[in-house]
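Start at 1 and go down the list; that is how both ligands and their atoms are numbered.
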Amino acid sequence: MRINKYLALCGVSSRRNSEVFVVEGKVKINGRTVTDLATDVKDADIVTVNGVRVSPVEQHIYIMLNKPKGYVCTTSDEYGRKNVLQLLSEEYADKRIFPVGRLDFDTEGLLLLTTDGDLANRIMHPHNEVPKTYVAKVEGEISESELGKLRGGVLLDGVRTKKCKAKLKDFSEGISRVEVVITEGRNRQVRRMFDSINREVVFLKRTAIGELKLGNLYRGMSRALNDKEVEYLKKL
Ligand code: URA
């Protein structure tokens with residue numbers, strides 16, 4: 001990597017400003033002053049600026065994926081099913097990226113992937129109660145009283161789910177589309193909540209995590225989060 005880019009990654013200054021440090025003879029690689037801007041830095045090199053060692057600040061990766069159904073989020077699957085990491089572009093192949101939480105094999109929608117373990121833990125930690133929005137489709141017209149049961153909490157394995165939001169978005173061609181916002185992340189929670197009121201979910205999609213929305217990202221496609229989105233997640 002070129003010396004100016006390396007210095008910028010170390011947080012020394014912008015790439016252009018870093019060139020000034022080099023030209024002024026303030027930069028050494030392995031103890032030897034370098035003034036040539038075409039100098040490359042290799043992995044094992046020791047770089048100093050004004051005698052102080054510098055090294056690159058870790059650059060984390062933050063991606064959103066529109067997970068299609070038919071993919072697992074675990075990296076090793078006993079049935080050899082396709083993995084969400086296979087949907088990412090080649091440039092990420094050698095990075096230690098992992099999904100933030102899970103979506104079931106049959107569930108689609110917004111999945112975050114990152115190299116940032118701290119951020120992932122914060123989003124997933126139950127204490128932080130990050131709201132997750134899902135759209136669930138069930139057959140037949142769901143009633144207000146059924147939605148009320150979901151909102152108030154239902155028993156799953158003897159433990160009541162926390163209060164949540166549940167509203168009917170529309171009912172058409174015999175299918176109810178229900179938007180559910182939960183702040184927990186129990187195993188297959190949304191499907192099991194509907195099961196508990198004797199409704200089978202025939203389609204499930206996550207559309208948002210907090211205020212981060214899937215938007216119109218195509219199924220199976222991914223994109224890097226922008227700075228504003230990353231900042232937002234870091235404040236959760
Ligand atoms: N709830 C579910 O039932 N499945 C998911 O994948 C996520 C939430």
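- Of the polar atoms of Val190, at least one N or O is found under 3.5 Å from an N or O of ligand 1, judged by distance alone.
- Heavy atoms only, all atoms of each residue included: Thr33 and Gly25 are closest at CG2-O, 3.6 Å.
- The N/O atoms of Asp104, backbone and side chain alike, include one that comes under 3.5 Å of an N/O atom in ligand 1.
- Taking both residues in full, the closest heavy atoms of Pro131 and Val181 are given as CB-CG1, 3.7 Å, listed atom of the first, atom of the second, then distance.
- Annotation: side chain of Leu236 is not in contact with side chain of Asn128 (no heavy-atom distance under 4.5 Å).
- Of all the heavy atoms of Val201, none lies under 4.0 Å from any atom of ligand 1, so neither backbone nor side chain is involved.
- Annotation for ligand 1: atoms under 4.0 Å from non-hydrogen atoms of Tyr134 are 7 (C), 8 (C).
- Residues Glu229 and Leu212 meet the side-chain proximity criterion, which asks for heavy atoms closer than 4.5 Å.
- Salt-bridge formation is detected for the pair Arg151/Glu144: a Lys NZ or Arg NE/NH1/NH2 atom is positioned less than 4.0 Å from an Asp or Glu carboxylate oxygen.
- Ion pairing between Lys169 and Glu179 holds under the 4.0 Å rule for side-chain N and carboxylate O.
- Considering backbone and side-chain atoms together, Arg188 places an N or O closer than 3.5 Å to an N or O of ligand 1.
- The ligand atoms of ligand 1 that sit less than 4.0 angstrom from a heavy atom of Thr107 are 4 (N), 5 (C), 6 (O).
- The shortest N/O to N/O separation between Arg102 and ligand 1 does not fall below 3.5 Å.
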